[in-house]
Amino acid sequence: MTDAADLPGRPRGAVLSGPATERAVNVLAPNPSAMTLDGTNTWILAEPGSELAVVVDPGPLDEGHLRNVIDTAERSGRRIALTLLTHGHPDHAEGAARFAELTGTKVRALDPALRLGDEGLGHGDVVRVGGLELRVVPTPGHTSDSLCFHLPAEGAVLTGDTVLGRGTTVVAHPDGRLGDYLDSLRRLRSLTVDDGVHTVLPGHGPVLEDAQGAVEYYLAHRAHRLAQVETAVENGHRAPSEVVAHVYADVDRSLWPAAELSVRAQLDYLREHGLI
């Protein structure tokens, strides 16, 4: 068995509900699947000693889960004051409207269709609640509305689906674009090099202790897959389904539909750059 310390990003271990850092508590949603791994990580963030908390990604529309998030915050003596979304996929955002109703909070997101309240989120925004500071980092690619949240006091970044705690993510074509995704990974790498980020709090999977290692692995993986797709096309595999069968032969076939989304994004990227 491979030791966790040898895996990309140095995953902490099993995905559990409970404290992950001094300011971050995970409440794992009961929606495990091949795509969501152990389930969606719903993050409760609060400054030590504060009575106010922020929730990132309430998760699916599951009443039991939403109430568990509220109960978890209240047991620590905190009231949820704001809800944030990393992006609009249902496993992260479907429960947001009901959660806002239960908590009386606003929902802030990049996509106006997901917001409840007047304020959105964008590049350079800083969210402050009860002494907690979160910096908004635009990271399109997985989806066009994907965001990460930099938690400078912890040297951590909440990555949604941009970087997972295990495996790699899908570039969800046509909304997701590979060029954007590569730029976003480079932006995250800059956070690890220039801003002291060392911990990844992902939307799925375990906490990663080596943020730079995780991002470097993602960049290398994408370069490798792109080269494989380019070679497959050169060898006559032009339909996306043919490329998937050729390039992703080692991947569980149940994941091939998702892999095809990434392949379509890679083919678009190669065409845009005149490589095929």
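The figures that follow rest on heavy atoms only: side chains count, while hydrogens, waters and symmetry mates do not.
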Any side-chain heavy-atom pair of V163 and P202 under 4.5 Å: no
Residue pair N26 / W43, side-chain heavy-atom distance below 4.5 Å: yes
Should L82 and V56 be counted in the same cluster of Ile, Leu, Val, Met, Phe, Trp and Tyr side chains packed under 4.5 Å apart? yes
Min side-chain heavy-atom separation T42-V55 under 4.5 Å: yes
Within-4.5 Å side-chain heavy-atom neighbours: P58 and L66: yes
Under a plain distance cut-off of 3.5 Å, with no hydrogens placed, do T169 and D161 share a side-chain donor-acceptor pair? no
Are L201 and V197 in one and the same hydrophobic cluster, where Ile, Leu, Val, Met, Phe, Trp and Tyr link if side-chain heavy atoms are under 4.5 Å apart? no
In terms of side-chain heavy atoms, does T159 have a donor or acceptor partner in T162 at a distance below 3.5 Å? no
What distance separates Y181 OH from D183 CG, expressed to the nearest 0.5 Å? 12.0 Å
Sorted by chain and residue number, the side chain to side chain donor-acceptor pair (under 3.5 Å) partners of E260 (sequence neighbours excluded) come out as R264
Per-pair distances, 0.1 Å, donor-acceptor, side chain in residues 114-127, under 3.5 Å, sequence neighbours excluded:
unit_1 : atom_1 : unit_2 : atom_2 : d
R115   : NE     : A109   : O      : 2.9
R115   : NH2    : L110   : O      : 2.7
D125   : OD2    : G122   : N      : 2.8

Taken to the nearest 0.5 Å, the spacing of L151 CG from L132 CG works out to 6.0 Å
Pair listing, salt bridge (Lys or Arg N to Asp or Glu O under 4.0 Å) test, anchored in residues 31-42, at least two apart: D38-R166
Is it true that E63 and R67 have a side-chain N and a carboxylate O under 4.0 angstrom from each other? yes
Does atom CZ of R177 have more than 12 heavy-atom neighbours from other groups under 6.0 Å away? no
Report the residues that fulfil ring-ring contact (aromatic ring centres under 6.0 Å, His included) with H87, sequence neighbours left out, ordered by chain and then residue number. H89, H92, H142
Do L226 and L178 touch side chain to side chain, with heavy atoms closer than 4.5 Å? yes
Atom pair OH/CD of Y248 and Q228 - distance to nearest 0.5 Å: 7.5 Å
L45 side chain reached by L158 side chain, heavy atoms, under 4.5 Å: yes
Going from CD1 on I80 to CD1 on I70, what distance comes out if it is rounded to the nearest 0.5 angstrom? 5.5 Å
Check whether any side-chain heavy atom of V243 sits under 4.5 Å from a side-chain heavy atom of H246, and report yes or no. no
Within this structure, what is the OH-NE2 distance for the pair Y217 and H224, rounded to the nearest 0.5 Å? 9.5 Å
Sequence-distant partners of D195, salt bridge (charged side-chain N to carboxylate O under 4.0 Å, His left out), two or more places apart: none
Indicate yes or no: at least one non-hydrogen side-chain atom of P240 is less than 4.5 angstrom from one of Q266. no
Could you give the distance from CD (E234) to CD1 (I276), rounded to the nearest 0.5 Å? 9.0 Å
The side-chain hydrogen bond (donor to acceptor under 3.5 Å, both in side chains) partner of S144 among D180, D175, D111 is D175
Verdict with supporting geometry, H204 and D91, side-chain hydrogen bond (donor to acceptor under 3.5 Å, both in side chains): CA-CA 10 Å; H204 303 280; D91 56 314; 3.0 Å; yes
By ring-ring contact (aromatic ring centres under 6.0 Å, His included), which residues pair with H198, not counting sequence neighbours? none
Between the side chains of R12 and E209, is the shortest nitrogen-to-carboxylate-oxygen separation below 4.0 Å, so that they form an ion pair? yes
